[in-house]
Amino acid sequence: LGLWFLTIVLGGLFLFGTGQEWHRLIYEHGLTISTNLFGTTYYSLVGLHATHVTAGLVMLTIVLLFGLAGRVGPEQSARVEVLSLYWHFVDAVWVVVFTVVYLLGR
């Protein structure tokens, strides 16, 4: 459960950092979704990813709360495994988004 909690904290920090970056890009650099193709691509890709991270964090938090209440046992292992696969897929997608947006997009 401690590692589950750490995952939630790190996911929250990721979303916080994304929000900080968006604020800086919009208010300091004037980059919006309608500025140019990069802005459209950036906000679409990163925003879609952030939405999936948010959904994952909600689900991870629900499982953490059930775990703390002692209600996660072997009979829920398949469900927890599916959530784990979802979270790892979101991680893998971030590698692609990061490559496209931050490395190739510059």
Item to check | Heavy atoms of other groups near Leu3 CG, more than 12 under 6.0 Å | outcome: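 Counting neighbours around CG of Leu3, 12 or fewer heavy atoms of other residues, nucleotides or ligands fall under 6.0 Å, so no.
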Next on the checklist: Could you check whether atom CZ of Arg79 has more than 12 heavy atoms from other residues, nucleotides or ligands sitting under 6.0 Å from it?
Outcome noted: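 Atom CZ in Arg79 is not crowded, with 12 or fewer foreign heavy atoms closer than 6.0 Å.
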Side chains of residues 88-103: which donor-acceptor partners sit under 3.5 Å, not counting sequence neighbours?
unit_1, atom_1, unit_2, atom_2, d
Thr99, OG1, Val95, O, 2.8
Tyr102, OH, Glu21, OE1, 2.6
Tyr102, OH, Glu21, OE2, 3.1

Determine, using the 4.5 Å side-chain heavy-atom cutoff (strictly less than), whether [X] and [Y] are members of one ILVMFWY cluster.
X	Y	result
Leu25	Leu48	no
Val53	Leu13	yes
Leu65	Leu10	no
Val82	Val72	no

Mind listing the closest non-hydrogen atom pair of [X] and [Y] along with its distance?
X	Y	result
Trp4	Leu60	NE1-O, 2.8 Å
Leu1	Leu64	O-CD1, 3.7 Å
Thr7	Leu57	O-CD2, 4.4 Å

Checklist entry - How long is the span from the CG atom in Leu15 to the NE2 atom in His49, to the nearest 0.5 Å? => result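 The distance works out to 9.0 Å.
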Identify each donor-acceptor pair in which a side-chain atom of residues 30-39 lies under 3.5 Å from a protein atom, sequence neighbours left out, and give them as a table.
unit_1, atom_1, unit_2, atom_2, d
Thr32, OG1, Ser34, N, 3.3
Thr32, OG1, Ser34, OG, 3.3
Thr32, OG1, Thr35, N, 3.4
Thr32, OG1, Thr35, OG1, 3.0
Thr35, OG1, Gly30, O, 3.2
Thr35, OG1, Thr32, N, 2.7
Thr35, OG1, Thr32, O, 3.3
Asn36, OD1, Phe38, N, 3.1
Asn36, OD1, Gly39, N, 2.8

Item to check | Partner residues of Tyr86 under the side chain to side chain donor-acceptor pair (under 3.5 Å) criterion, sequence neighbours left out | outcome: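 With neighbours one apart ignored, the set is empty.
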Next on the checklist: Restricting to side chain to side chain donor-acceptor pair (under 3.5 Å), what partner residues turn up for Gln76, sequence neighbours left out?
Outcome noted: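 Once residues adjacent in sequence are excluded, Gln76 has no partner under the side chain to side chain donor-acceptor pair (under 3.5 Å) criterion.
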Checklist entry - Excluding sequence neighbours, so at least two apart, what forms side chain to side chain contact (heavy atoms under 4.5 Å, CB included) with His23? => result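 For His23, the residues satisfying side chain to side chain contact (heavy atoms under 4.5 Å, CB included) (neighbours in sequence not counted) are Tyr27.
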Checklist entry - Under the side chain to side chain contact (heavy atoms under 4.5 Å, CB included) test, which residues partner Val58, sequence neighbours left out? => result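 Residues passing side chain to side chain contact (heavy atoms under 4.5 Å, CB included) with Val58: Ile62.
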